[in-house]
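Note sheet for the following structure.
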Amino acid sequence: MFHRKKNVFAIIEISGVISASAPKSALSSSGFHLMKLLSFLSDLEDEDERLDGILLRLNTPGGTAGASEELARAIDRVKQARHVPVVASIADICCSGGYMVAVVADKIFANRQSLTGSIGTILQIPNYQELAEKIGIKTLTFKSGKMKDIGNPMRDMTDDERAFLDDIAHKGHDLFMSFVKEHRPDIQNETEMMDGRPVDALLAKENHLIDAFGTYLDAYDAMRERAGIG
């Protein structure tokens with residue numbers, strides 16, 4: 001929390017990959033810790049504590065779908081409960097799940113050389129079958145259902161498995177796009193802007209993915225202005 005005279009602002013830094021997993025080292029302050037941030041956001045809902053605005057500082061390539069959505073909805077919940085302005089500031093990058101979080105803000109600032117967008121989902125599964133055959137490695141799989149070892153890297157994927165995973169990816173993409181359009185209905189050229197591509201800040205502003213070019217301090221000033229603070 002940042003207190004300035006009698007005003008109280010929550011400044012939330014979202015840096016690195018968004019994941020439900022805690023940082024690898026408990027002794028390290030680096031890394032993204034979702035549970036701590038969700039707990040902090042829950043505390044912000046306490047109406048007995050003053051809150052004049054929320055500033056999001058984003059520098060993230062995105063992360064897992066579930067954790068990104070959970071974080072975005074938690075911020076939106078505080079925004080709706082406390083009726084405070086939320087402004088986002090993008091540093092170098094705010095893509096994929098990071099952009100899902102950013103769209104909750106009333107206004108999004110980005111540096112002119114920032115990257116954003118990447119509105120899409122992706123599943124990648126390696127396949128080592130040919131390599132295993134070359135070096136003489138075999139695996140034995142015992143399973144109780146035909147889909148239980150879906151994604152097994154030691155064999156080719158069946159058509160049913162491909163269709164199943166493809167359906168998951170498309171459903172996730174549909175949910176992502178719906179969330180973005182709910183919060184930013186004025187996005188232009190939806191086909192291109194929501195096909196998973198990352199876009200530079202100039203293109204993002206032209207198509208209304210962001211609202212303005214500006215630094216962290218510009219975003220801070222905008223938050224104060226929206227809060228009615230001179």
Main-chain N/O of Gly196 paired to Ser118 side chain as donor or acceptor, under 3.5 Å
yes

State which residues pass side chain to side chain contact (heavy atoms under 4.5 Å, CB included) with Tyr128; sequence neighbours excluded, sorted by chain then number.
Pro126, Pro153, Met154

Nearest atoms (heavy-atom pairs only) where Asn7 meets Arg224
OD1-NH1, 4.4 Å

What's the shortest heavy-atom distance between Leu203 and Asp200, and which atoms?
N-OD1, 2.9 Å

Ignoring hydrogens, what is the shortest heavy-atom contact between Val199 and Ala204? Give both atom names and the distance.
CG2-CB, 4.0 Å

Is the backbone of Asp174 close enough, under 3.5 Å, to the side chain of Ser178 for a donor and an acceptor to pair up by distance?
yes

side-chain hydrogen bond (donor to acceptor under 3.5 Å, both in side chains) partners of Asp92, counting only residues at least two apart:
none

Tell me whether the count of non-hydrogen atoms from other residues, nucleotides or ligands lying under 6.0 Å of NZ in Lys138 goes above 12.
no

Which donor-acceptor pairs under 3.5 Å do the side chains of residues 157-165 make with protein atoms, sequence neighbours left out?
{"unit_1": "Thr158", "atom_1": "OG1", "unit_2": "Glu161", "atom_2": "N", "d": "3.1"}
{"unit_1": "Thr158", "atom_1": "OG1", "unit_2": "Glu161", "atom_2": "OE1", "d": "3.3"}
{"unit_1": "Glu161", "atom_1": "OE1", "unit_2": "Arg155", "atom_2": "NH1", "d": "3.1"}
{"unit_1": "Glu161", "atom_1": "OE1", "unit_2": "Thr158", "atom_2": "N", "d": "2.9"}
{"unit_1": "Glu161", "atom_1": "OE2", "unit_2": "Arg155", "atom_2": "NH2", "d": "2.6"}

Any chance you could measure Ile75, atom CD1, to Leu56, atom CG, to the nearest 0.5 Å?
4.5 Å

Do Ile12 and Leu58 sit in the same hydrophobic cluster, where Ile, Leu, Val, Met, Phe, Trp and Tyr count as joined when their side-chain heavy atoms come under 4.5 Å apart?
yes

Connected via hydrophobic side-chain network under 4.5 Å: Ile125 and Ile168
yes

Might you point out which heavy atoms bring Arg226 and Pro85 nearest each other, and give the distance in Å?
CB-CB, 3.6 Å

Phe213 vs Leu202 side-chain heavy atoms within contact, under 4.5 Å
yes

As a quick check of understanding, evaluate side chain to side chain contact (heavy atoms under 4.5 Å, CB included) for Leu41 and Arg77, giving each step before the final call.
CA-CA 9 Å; Leu41 289 167; Arg77 178 172 167 172; over 6 Å; no

Quick check on Arg184: does its CZ atom have over 12 non-hydrogen neighbours (other residues, nucleotides or ligands) under 6.0 Å away?
yes

Starting from the C-alpha separation in whole Å, work towards a yes-or-no answer on side chain to side chain contact (heavy atoms under 4.5 Å, CB included) for Leu209 and Ile187.
CA-CA 6 Å; Leu209 273 72; Ile187 287 180; 3.9 Å; yes

Answer yes or no: does atom CD of Glu45 have more than 12 heavy-atom neighbours from other residues, nucleotides or ligands under 6.0 Å?
yes

Nearest heavy-atom neighbours spanning Ala10 and Leu44:
CB-CD1, 3.8 Å

Should Ile93 and Tyr216 be regarded as members of a common hydrophobic cluster, given that ILVMFWY residues are connected when their side-chain heavy atoms come within less than 4.5 Å of each other, either directly or indirectly?
no

Indicate every side-chain donor-acceptor pair of residues 109-116 with a distance under 3.5 Å to a residue at least two apart or in another chain.
{"unit_1": "Asn111", "atom_1": "ND2", "unit_2": "Ile90", "atom_2": "O", "d": "3.3"}
{"unit_1": "Asn111", "atom_1": "ND2", "unit_2": "Ala91", "atom_2": "O", "d": "3.3"}
{"unit_1": "Ser114", "atom_1": "OG", "unit_2": "Ala91", "atom_2": "O", "d": "2.5"}
{"unit_1": "Ser114", "atom_1": "OG", "unit_2": "Asn111", "atom_2": "N", "d": "3.0"}
{"unit_1": "Ser114", "atom_1": "OG", "unit_2": "Asn111", "atom_2": "O", "d": "3.1"}
{"unit_1": "Thr116", "atom_1": "OG1", "unit_2": "Cys94", "atom_2": "O", "d": "2.8"}

As an exercise, state the distance from NE2 of His208 to NZ of Lys205, rounded to the nearest 0.5 Å.
7.5 Å

Side chains of Phe179 and Glu69: closer than 4.5 Å at any heavy-atom pair?
no

Any side-chain heavy-atom pair from Met177 and Glu190 closer than 4.5 angstrom?
no

State whether the number of non-hydrogen atoms from other residues, nucleotides or ligands found under 6.0 Å of Lys181 atom NZ is greater than 12.
yes

Working to the nearest 0.5 Å, report the span between CD of Glu13 and CG of Asn59.
8.0 Å

Donor-acceptor contact present, side-chain Arg197 to main-chain Gly120, <3.5 Å:
no

Non-neighbouring partners of Glu192 that pass side-chain hydrogen bond (donor to acceptor under 3.5 Å, both in side chains), sequence neighbours left out
none

Side-chain donor/acceptor pairs under 3.5 Å, residues 100-108, sequence neighbours excluded:
{"unit_1": "Asp106", "atom_1": "OD1", "unit_2": "Lys79", "atom_2": "NZ", "d": "2.9"}
{"unit_1": "Asp106", "atom_1": "OD2", "unit_2": "Val86", "atom_2": "N", "d": "2.7"}

Determine, using the 4.5 Å side-chain heavy-atom cutoff (strictly less than), whether Ile18 and Leu175 are members of one ILVMFWY cluster.
no

For residues Ala219 and Ala88, report the shortest heavy-atom separation together with the two atoms involved.
CB-O, 4.2 Å

Closer than 3.5 angstrom, by distance alone: can the side chain of His173 be matched with the main-chain N or O of Ile119 as a donor-acceptor pair?
yes

What's the separation between atom CD in Glu70 and atom CG in Leu34, rounded to the nearest 0.5 Å?
5.5 Å

In one Ile/Leu/Val/Met/Phe/Trp/Tyr side-chain cluster, 4.5 Å: Ile122, Met194:
no

Quick check for you: to the nearest 0.5 Å, what is the distance between Tyr220 atom OH and Ser89 atom OG?
13.5 Å

Are the side chain of Thr60 and the backbone of Gly16 linked by a donor-acceptor contact shorter than 3.5 Å?
yes

